[in-house]
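For reference, the structure is listed below as structure tokens.
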Amino acid sequence: MRAAAAEILFPKEVIDRRVRELAGQISRDYEGREPLIVGILNGAFIFMADLIRALDVPCRVDFVRLASYGAGSVSSGEIRIGMDLETPIAGRDVLIVEDIVDTGLTLSRLVEILRKRQPASLRVCAFLDKRERRRVPFTADYVGFPIPDRFVVGYGLDYNEKFRFLPDVRVLGTSFEREGV
Ligand code: 5GP
């Protein structure tokens with residue numbers, strides 16, 4: 001079934017408006033430049049596609065896929081780059097686009113890895129931000145929506161690879177919803 005029973009946190013219209021606002025802010029900040037927008041696969045691809053189409057500055061795009069060392073989750077903090085950028089980033093203005101910041105471990109590690117390649121600038125735009133869940137200090141430069149500590153899906157975010165296609169953001173509360181949606 002396509003329609004989920006789970007509670008809608010952000011309907012499509014609210015997301016569209018906020019993405020346009022973010023794109024406006026980013027366009028002003030990068031005026032006269034051509035940033036490289038780096039999407040973190042898979043979760044960021046829908047947000048990134050909408051964001052770059054709303055920008056008023058030209059940009060290039062590239063992607064990374066992250067993997068965790070050993071059997072743990074990405075949030076173990078032991079991340080490595082599974083699929084690397086094709087673009088050399090030395091001297092470039094780089095904007096990382098991520099679906100959600102949770103503990104902060106993933107993005108702080110990715111920023112550390114990419115900084116070593118000496119980009120001219122390196123910023124992060126996260127669609128969602130669960131601030132109360134941080135295990136390491138991390139502040140994104142641009143945030144779509146701060147959210148409480150709930151598990152969300154849709155607009156690119158998945159639960160076991162399901163629900164990415166949903167046009168809105170929903171909270172998956174119960175195990176019934178997780179299995180039954
Ligand atoms: P962090 O390293 O900040 O803890 O992890 C961020 C990653 O955790 C995100 O890219 C995402 O894959 C996953 N994540 C954290 N919270 C949620 C959530 O509420 N929903 C989904 N679908 N993924 C989440």
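Every number for a ligand or one of its atoms is a count from 1 in the order of the listing.
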Review point. Do you know the tightest heavy-atom contact between Cys125 and Leu51?
Key: SG-CD2, 4.1 Å

Practice item. Measure the distances from the heavy atoms of Lys130 to every atom of ligand 1 and state whether one is below 4.0 angstrom. Key: yes

Practice item. Run the numbers for me: atoms of ligand 1, each under 4.0 Å from some heavy atom of Asp158, listed by number. Key: 21 (C), 22 (N)

Review point. Just by distance, do the side chain of Arg18 and the backbone of Val14 share a donor-acceptor pair under 3.5 Å?
Key: no

Exercise for review: Please work out whether the ring planes of Phe10 and Phe145 are parallel, tilted or perpendicular, with thresholds of 30° and 60°.
Suggested key: parallel

Exercise for review: Select one of side chain, backbone, both or neither to describe which atoms of Ile40 lie under 4.0 Å from any atom of ligand 1, heavy atoms only.
Suggested key: neither

Revision key, fill the gap. In terms of heavy-atom contacts, Leu110 and Ile40 come closest through CD2-CD1, 3.5 Å

Review point. Which of the atoms of ligand 1 are close to Arg150, meaning less than 4.0 Å from one of its heavy atoms?
Key: 19 (O)

**Study point:** Passing option when Val94 is tested against Thr87, Val124, Leu85, Ile89 for side chain to side chain contact (heavy atoms under 4.5 Å, CB included)
**Key:** Ile89

Review point. Should you measure from each heavy atom of Glu98, which atoms of ligand 1 turn up under 4.0 Å away?
Key: 10 (O)

Check your understanding: Among the heavy atoms of Gly43, does any lie under 4.0 Å from an atom of ligand 1?
Key -> no

Review point. Among Val153, Asp149, Asp102, whose heavy atom sits nearest atom 15 (C) of ligand 1?
Key: Asp102

Exercise for review: Could you tell me if any non-hydrogen atom of Phe151 lies under 4.0 Å from any atom of ligand 1?
Suggested key: yes

Practice item. For atom CZ of Arg80, decide whether the heavy atoms of other residues, nucleotides or ligands shown that lie under 6.0 angstrom number more than 12. Key: yes

Check your understanding: Would you say Leu107 has any N or O atom under 3.5 Å from an N or O of ligand 1, going by distance alone?
Key -> no

Check your understanding: About how many Å separate CG of Asp99 and CZ of Phe127, when rounded to the nearest 0.5 Å?
Key -> 9.0 Å

